[in-house]
Student: 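One structure, as structure tokens, below. Some questions next.
Reckoned from all heavy atoms, side chains included, excluding hydrogens, waters and symmetry mates.
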Amino acid sequence: MTSMTNMPNNIIEIKGLEKHFGGVQALKGVDMQIPQGQVTAIIGDNGAGKSTLIKCISGIYELTHGEILFEGQPVKIGSPLAARHLGIETVYQDLAVLDTLSVTENLYLSREIRKGIWPFQLLNKKKMAQGAAEMMDRVGNKTILIDKEIGYMSGGQRQAVAISRAVGWGAKVIIFDEPTAALGVKESAEVANLIQRLKGQGITVIIISHNFEEVLELADLVWIMRQGKAIASRKASEVSGRDLVALLTGAESA
Ligand SMILES: Nc1ncnc2c1ncn2[C@@H]1O[C@H](COP(=O)(O)OP(=O)(O)O)[C@@H](O)[C@H]1O
Ligand SMILES: [Mg+2]
């Protein structure tokens with residue numbers, strides 16, 4: 001028997017998760033463990049239930065059955081805000097950054113630092129600029145100018161800002177649903193670098209991707225979903241793209 005001290009610590013544990021939409025059973029009892037501080041990929045055909053699972057973890061959907069443990073404790077993630085309070089951030093393709101604001105303004109969106117006493121308050125711009133520089137530094141992207149408007153930036157840079165914001169405000173788990181699906185080669189490489197830097201900061205990353213090359217390059221662990229269930233997990237270092245295809249299609253049994 002393996003000693004407990006050698007077991008990876010699971011930051012998220014999903015037990016018997018079911019999600020029904022009327023008569024549609026999108027998730028039919030998912031059991032999944034997400035190790036702390038690693039990059040976990042979730043793969044599966046269209047309709048396998050990947051996005052539904054992510055939406056349950058990020059507080060968008062209520063569970064029909066089952067439970068989610070976060071850092072070993074059962075949690076009810078009733079809203080995206082509740083997920084954020086736990087330290088779970090989700091990055092979607094259409095990012096929540098605002099084009100007409102600067103990087104600093106985006107980083108402090110709805111969390112502006114003010115000085116003085118209401119109604120004579122002013123934004124504390126100096127403090128926000130310092131904080132913004134620190135947030136951008138944490139994920140190691142020093143090429144982005146914090147005074148620049150987001151609208152002028154590439155997709156990869158926009159993602160870096162959204163993620164710096166999440167990390168800067170204490171995210172422990174960052175979930176990417178198809179992060180590079182809409183990006184070109186260069187920008188996909190930027191996102192890959194970003195994911196590696198997040199891992200370097202001890203942050204747990206979950207990534208949904210159709211790109212097996214990307215999955216095998218970035219992930220430590222791969223979960224395979226089929227028809228509303230997590231049917232297998234593999235260490236990325238121990239499988240090939242062909243193995244993953246076989247698992248996905250059911251050619252190889254789990
Ligand atoms: N809001 C919804 N209402 C009804 N059915 C849904 C809804 N969201 C997803 N589904 C269904 O649940 C299944 C899983 O979908 P989804 O989680 O989007 O899969 P994936 O992300 O793996 O492609 C599909 O059959 C889909 O049609
Ligand atoms: Mg999806």
Side-chain angles (χ1 to χ4, degrees), residues 2 6-14 17 26-58 90-95 139-140 154-156 159-160 163 173-254:
T2 19
N6 292 332
M7 305 267 285
N9 199 6
N10 293 318
I11 191 162
I12 294 176
E13 226 176 305
I14 296 160
L17 175 52
L27 300 176
K28 300 174 186 165
V30 173
D31 295 298
M32 188 181 279
Q33 299 85 41
I34 307 290
Q36 197 277 326
Q38 299 199 355
V39 178
T40 297
I42 303 175
I43 64 170
D45 270 340
N46 277 336
K50 305 179 297 295
S51 293
T52 303
L53 178 70
I54 291 317
K55 286 175 180 164
C56 289
I57 300 173
S58 50
T90 309
V91 179
Y92 296 99
Q93 269 175 38
D94 45 348
L95 288 165
V139 285
S154 71
Q159 250 176 21
I163 290 150
V173 178
I174 299 195
I175 304 173
F176 296 82
D177 194 348
E178 307 269 2
T180 56
L183 301 182
V185 175
K186 186 165 166 278
E187 297 196 323
S188 299
E190 281 174 33
V191 175
N193 281 334
L194 185 61
I195 289 175
Q196 259 143 8
R197 287 197 297 270
L198 288 172
K199 192 186 165 190
Q201 292 277 316
I203 290 166
T204 304
V205 176
I206 301 174
I207 169 175
I208 294 178
S209 177
H210 275 118
N211 183 338
F212 290 173
E213 229 174 277
E214 178 178 78
V215 162
L216 289 174
E217 189 191 315
L218 285 175
D220 299 293
L221 183 72
V222 186
W223 277 99
I224 298 100
M225 288 190 68
R226 207 195 301 157
Q227 295 173 358
K229 286 190 172 172
I231 57 147
S233 66
R234 293 286 188 271
K235 282 188 181 167
S237 58
E238 293 174 357
V239 282
S240 66
R242 286 181 67 160
D243 297 334
L244 294 181
V245 173
L247 282 163
L248 266 188
T249 56
E252 184 190 319
S253 61

Student: Any side-chain to backbone donor/acceptor pair from Trp223 onto Gln33? Under 3.5 Å, distance only.
Tutor: yes
Student: Report yes if some heavy atom in the side chain of Leu221 is under 4.5 Å from a heavy atom in the side chain of Val39; otherwise report no.
Tutor: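 No, too far: nothing below the 4.5 Å cut-off.
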Student: Within this structure, what is the CG-CD distance for the pair Leu216 and Glu238, rounded to the nearest 0.5 Å?
Tutor: 12.0 Å
Student: Provide the full list of side-chain hydrogen bond (donor to acceptor under 3.5 Å, both in side chains) pairs with a residue in residues 40-51, sequence neighbours left out, each pair given once.
Tutor: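 Every pair satisfying side-chain hydrogen bond (donor to acceptor under 3.5 Å, both in side chains) with a residue in residues 40-51: Ser51-Asp177.
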Student: List the steps and the verdict of side chain to side chain contact (heavy atoms under 4.5 Å, CB included) for Met32 and Ile34.
Tutor: CA-CA 7 Å; Met32 188 181 279; Ile34 307 290; 4.0 Å; yes
Student: Identify the two heavy atoms, one from Ala219 and one from Ala236, that lie closest to each other, and give their separation to 0.1 Å.
Tutor: O-CB, 3.1 Å
Student: Please find the pair of heavy atoms, one from Leu218 and one from Ala192, that lie closest to each other, and give the distance.
Tutor: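 Nearest heavy atoms, Leu218 then Ala192: CD2-O, 3.6 Å.
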Student: Is the closest side-chain heavy-atom distance between Ile224 and Ile42 below 4.5 Å?
Tutor: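 Sidechains of Ile42 and Ile224: no contact.
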Student: Please find the pair of heavy atoms, one from Ala230 and one from Asp31, that lie closest to each other, and give the distance.
Tutor: CB-O, 3.7 Å
Student: Run through Thr90, Leu17, Ile175 and flag the one making a side-chain contact (heavy atoms from CB on, under 4.5 Å) with Ile57.
Tutor: Ile175
Student: Taking distance alone, no hydrogens or angles, what donor-acceptor pairs closer than 3.5 Å link side-chain atoms of residues 201-212 to residues at least two apart or in another chain?
Tutor:
from: Gln201; atom 1: OE1; to: Arg138; atom 2: NE; distance (Å): 3.1
from: Gln201; atom 1: OE1; to: Arg138; atom 2: NH2; distance (Å): 3.2
from: Gln201; atom 1: NE2; to: Arg138; atom 2: O; distance (Å): 3.0
from: Thr204; atom 1: OG1; to: Gly37; atom 2: N; distance (Å): 2.8
from: Ser209; atom 1: OG; to: Asn211; atom 2: N; distance (Å): 3.0
from: Ser209; atom 1: OG; to: Glu214; atom 2: OE1; distance (Å): 2.8
from: His210; atom 1: ND1; to: Glu178; atom 2: OE1; distance (Å): 3.3
from: His210; atom 1: ND1; to: Glu178; atom 2: OE2; distance (Å): 3.0
from: Asn211; atom 1: OD1; to: Glu213; atom 2: N; distance (Å): 3.1
from: Asn211; atom 1: OD1; to: Glu214; atom 2: N; distance (Å): 3.1

Student: Can you run down the salt bridge (Lys or Arg N to Asp or Glu O under 4.0 Å) pairs that involve residues 198-212, sequence neighbours left out, and say none if there aren't any?
Tutor: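 Found Lys199-Asp220.
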Student: Are any of the side-chain heavy atoms of Leu27 and Met225 separated by less than 4.5 Å?
Tutor: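 Sidechains of Met225 and Leu27: in contact.
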Student: What closest approach, in Å, do Asp243 and Val239 show between heavy atoms, and which atom pair accounts for it?
Tutor: OD2-CA, 3.4 Å
Student: Using modelled atom types and a 3.5 Å cut-off, is there a donor and acceptor pairing between side-chain atoms of Arg226 and backbone atoms of Leu247?
Tutor: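 Such a contact is found between Arg226 side chain and Leu247 backbone.
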Student: When you look at CD of Glu13, are more than 12 heavy atoms from neighbouring residues, nucleotides or ligands closer to it than 6.0 Å?
Tutor: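 Yes, CD of Glu13 has more than 12 neighbouring heavy atoms, counting only those of other groups under 6.0 Å.
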